[in-house]
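Written below as structure tokens is the structure these notes are about.
All values below were derived from every heavy atom in this structure, side-chain atoms included, with hydrogens, water molecules and symmetry-related copies excluded. Letters A, B, ... are given to chains in the order of the sequence lines, protein chains preceding strands, and every chain is numbered from 1. Just so you know, these numbers come straight off a predicted model, no measurement behind them.
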2 protein chains.
Amino acid sequence: MLRILDAALAEFARYGLGGSRIDRIAAAAGLSKPNLLYYFRTKELLYRAVLERTLAMWLEPLRELDPDDDPADALAGYITRKLHYSRTHPEGSRLFAVEVIQGAPYLEPVLRGELAALVEAKVATIRSWIAAGKLAPVDPYHLLFMLWATTQHYADFAAQVRTLTGHDLADEAFHASAREAVLGVVLRGVLPRP
Amino acid sequence: MLRILDAALAEFARYGLGGSRIDRIAAAAGLSKPNLLYYFRTKELLYRAVLERTLAMWLEPLRELDPDDDPADALAGYITRKLHYSRTHPEGSRLFAVEVIQGAPYLEPVLRGELAALVEAKVATIRSWIAAGKLAPVDPYHLLFMLWATTQHYADFAAQVRTLTGHDLADEAFHASAREAVLGVVLRGVLPRP
DNA sequence: GTCTATAAGCGGATAGAC
DNA sequence: GTCTATCCGCTTATAGAC
């Protein structure tokens, strides 16, 4: 049931597994609590289902980072995709943020397996760009962390961003200014001087 | 009671207010649940006390950003202070992250008041550096967000960083490499070309 | 599949002895 | 100040009718 997963994502992304209440999820999804438990037998199983559904969207943007592209294009594309994801799926971003803050009890196998393998491949890509003189020498892990941090910030800390600026990424002009600022600083920061 | 506040910080920074359990806090602090409630009459009051105690450490680094410094020095100092804070007080960082992810229900007045005023002043500082030609033209709000995001990431996502790299900021060498990478990219990204 | 009713247990908070 | 015992509401989960 899609309505349940959407309601559960909104709840879990805010309160984590322990702080979430299945009666709130049931109400938001428009059914009774026992009926929700007919589809997902326990709260934990529902949490796992929500995590799993969001996983693909989380890994995909990095997968598309193409070693054959020019690094300027590849990094610009990655930042653009990640910011777009923060705009269209802020709750997915916050779900993973909360899960990781709690020590990633459910996501740890994915971090250690699928994500670690993917990151290793992209670290090699970044190293090859540096070796080819197309990128300033920067630690690839820290570069990836910077890309994640700067783009996910607009989803994870949206409440703070909104309070301080009056805007969020749903604002097209604000989205464009965020993209321009992140692209500008990061690309100037990692591309070799002409 | 300092032991209580420390134990409560560890719990709240992980699980948020709703997901935290006062019996876990009491056990970690080495006293009984009723005895904990003798010092803090409700869970919410304890949460407010922990937030308040952590607040100063959260605002202080930004306050020290000195408009009279050279921007390269000022920004380097700010990044260094923030990274140091992520190292020495990762739970404080995560406490605010969880609170903001949940929509900042308790911190909102601080965001709207004290933080907003402080940010406005620092935005003016950044604008003055740009007007003086000492800084590339970059949106000051987005620059601040980038500084927060890149430095707090090592505290807030420490579990992920640890799984992917095997290190955290407690490692002196890792701390140094993170500092060098962030400093390098951000400073090259915002300082005008010589 | 969906509901009402309810069991079973957890968790916040209090009473009262020491 | 600190504890044991306990109350009571809330939350997850089940039973069972429709």
How about [X]: does its [atom1] atom have over 12 heavy atoms from other parts shown lying under 6.0 Å from it?
{"X": "A:H84", "atom1": "NE2", "result": "no"}
{"X": "B:E180", "atom1": "CD", "result": "no"}
{"X": "B:R193", "atom1": "CZ", "result": "yes"}
{"X": "A:E52", "atom1": "CD", "result": "no"}
{"X": "A:R188", "atom1": "CZ", "result": "yes"}

B:P71 and B:L135: which non-hydrogen atoms are nearest, and at how many Å?
CB-CD1, 3.9 Å

Ignoring hydrogens, what is the shortest heavy-atom contact between B:L83 and B:T151? Give both atom names and the distance.
CD2-O, 3.9 Å

What's the [atom1]-[atom2] distance between [X] and [N], to the nearest Å?
{"X": "B:K43", "N": "C:dC10", "atom1": "NZ", "atom2": "C1'", "result": "12 Å"}
{"X": "A:M1", "N": "C:dG1", "atom1": "CE", "atom2": "P", "result": "8 Å"}
{"X": "B:F40", "N": "C:dT14", "atom1": "CZ", "atom2": "C1'", "result": "19 Å"}
{"X": "A:Y38", "N": "D:dT14", "atom1": "OH", "atom2": "C1'", "result": "15 Å"}

Could you tell me whether A:E172 and A:R87 have a side-chain N and a carboxylate O separated by less than 4.0 Å?
yes

Ion pair A:D168/A:R162, N-O distance below 4.0 Å
yes

What's touching nucleotides 3-6 of chain C from the protein side, N or O pairs under 3.5 Å?
unit_1 : atom_1 : unit_2 : atom_2 : d
C:dC3  : OP2    : A:S32  : N      : 3.2
C:dC3  : OP2    : A:S32  : OG     : 2.8
C:dC3  : OP2    : A:N35  : ND2    : 3.1

I'd like a table of atom pairs between the protein and nucleotides 7-9 of chain C - only N or O on both sides, under 3.5 Å - with the distance next to each one.
none

For residues B:V186 and B:Y78: do they belong to one hydrophobic cluster (side chain heavy atoms under 4.5 Å, members Ile, Leu, Val, Met, Phe, Trp, Tyr)?
yes

Check whether the ring centres of A:F174 and B:H142 lie less than 6.0 Å apart, and answer yes or no.
yes

Expected output is a numbered-order residue list: members of residues 9-29 of chain B with a heavy atom under 4.0 Å from any atom of DNA chain C. What is it?
B:S20, B:R21, B:I22

Please determine whether a side-chain nitrogen or oxygen atom of A:Y39 lies at a distance below 4.0 Å from atom OP1 or OP2 of C:dT2.
yes

